[in-house]
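Shown next, in structure tokens, is the structure this report addresses.
As the structure lists them, so they are numbered: ligands from 1, and atoms in each ligand from 1.
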Amino acid sequence: MKLKYLIFALTIVWSAASRTQDRSYALAIVDTLTQESYGGRGYDEGDKKAANFILRQMQQIGLQSVKGSYFQYFPLSINTITDSIGLRLDDRPMVPGDDYLVLLSSPSIEGKFELLYLPADSSGNLSLIMNPSVYKDKFVVTDLNPQAFRARFPFRSKGVIYLKDKNFFWHISDGREVSGRVEIYLRKEKYSTDYQFINIHLKTRFQDPYITQNVMGMVRGSKYPERYIFLTAHYDHLGRMGKRTFFPGGHDNASGTATVLDLARYYVKHPPEYSMVFLLFSGEEAGLLGSFYYVNHPLIPLSQIRFVLNLDLMGAGSKGITVVNGSVYSKEFKKLKRINRCRHLLYQVKARGKAANSDHYPFSEKGVPSFFFYTMGSESAAYHAPRDDASNVHFTDYDDIFKLITTFVKKL
Ligand SMILES: [Zn+2]
């Protein structure tokens, strides 16, 4: 363990003296942030530990605070699963994270309940028994997705099990409020229509407010100190689903956090013309809450921001990058394409339109020009799953992405 830290420290000293981008530094940051002790950087103290780690990095790098602070606190409300979850179908135990996921809007529950499978016809209609009391104390099992099911099922039930054969991802944005029933995603192959009962133990606690924080630091510009370029990424992730299951969040988004910190090291050594702000958000996984909070409580007026470059899912790269807002800010996108072509960098730089899928979005909605970069390639396949750990981060074309960003910033 001690040797590991020594190597880590030596790596930093060595690379600070020798080169610009530093993939090994970025990998070391990812290694730290994905450790179990960081609890998947959820809103249950894991975010605080990560924020303090990022703060120490920023101070070591030599970033200045923004208006006297490195932290911007904000409140959110979130449901949290506090205990280990127990789930058995008849007598068969199911594995949390692998076999099933609990929707975070679920309330606490304890006991044994009858299962009722409701087949849907080809147009998605359920064959319902029109008596509400039939469903009251049961768990309904369905092949429909939550949206379709909720639209077609008019009764209250104790719970719902959605059978899934693809898109088996956990999300936490539905945990901003608690609903009246327990909902579960179950892998389809784990279910048999012979099962009659579910045995479940689930303990949740609704935290309102939970105080979390954005973390930021800056480098003052040499030519336009009052004009700013923001390099951003979210450092929060899904946290824990009960005591036994945690989501390390390597590709999503320890990778972007590490890249932003490495870029900060570069700009401390190579002072830019514009002032640069390195802004790492919390609250993204709960619905872009940190970036929405920032644009509504900006520490630097939004009108002084020349450009925002947001990095999320940076662990792949073999197939290049996608640029959200690429077709919105076409002048800047052409610049990016030209740099990539002339300098023979990435496999491809692909434009996409507007999308509310990461922290660039609150900025562009306020009229601040912004791109969101995400890497492409099947090497980082795990998404919103316990397998998205440090081994899911490859930084395949890291040096070229780094060069693309620093050259683009220079040409803005
Ligand atoms: Zn995510």
For this session: Give a yes or no on whether D312 keeps an N, O or S atom under 2.8 Å from the Zn ion (ligand 1).
Result: no
Exercise. Do other residues, nucleotides or ligands put more than 12 heavy atoms under 6.0 Å from the CZ atom of R187?
Worked result: yes
Problem set entry | the Zn ion (ligand 1) - closest N/O/S atom in D252 | OD2
Problem set entry | Aromatic ring proximity F168/Y185, centre distance under 6.0 Å | no
Exercise. Mind checking whether the Zn ion (ligand 1) has an N, O or S of E284 under 2.8 Å?
Worked result: no
For this session: Answer yes or no for H384: is there an N/O/S atom below the 2.8 Å cut-off from the Zn ion (ligand 1)?
Result: yes
Exercise. Would Q21 and Y266 count as having a side-chain donor-acceptor pair, cut-off 3.5 Å?
Worked result: no
Problem set entry | Heavy-atom pair of closest approach, residues S370 and N325 | O-ND2, 2.9 Å
For this session: Just give me the atom name: the N, O or S atom of E285 closest to the Zn ion (ligand 1).
Result: OE2
For this session: Examine the side chains of D262 and Y398 and answer whether a donor and an acceptor come within less than 3.5 Å of each other.
Result: yes
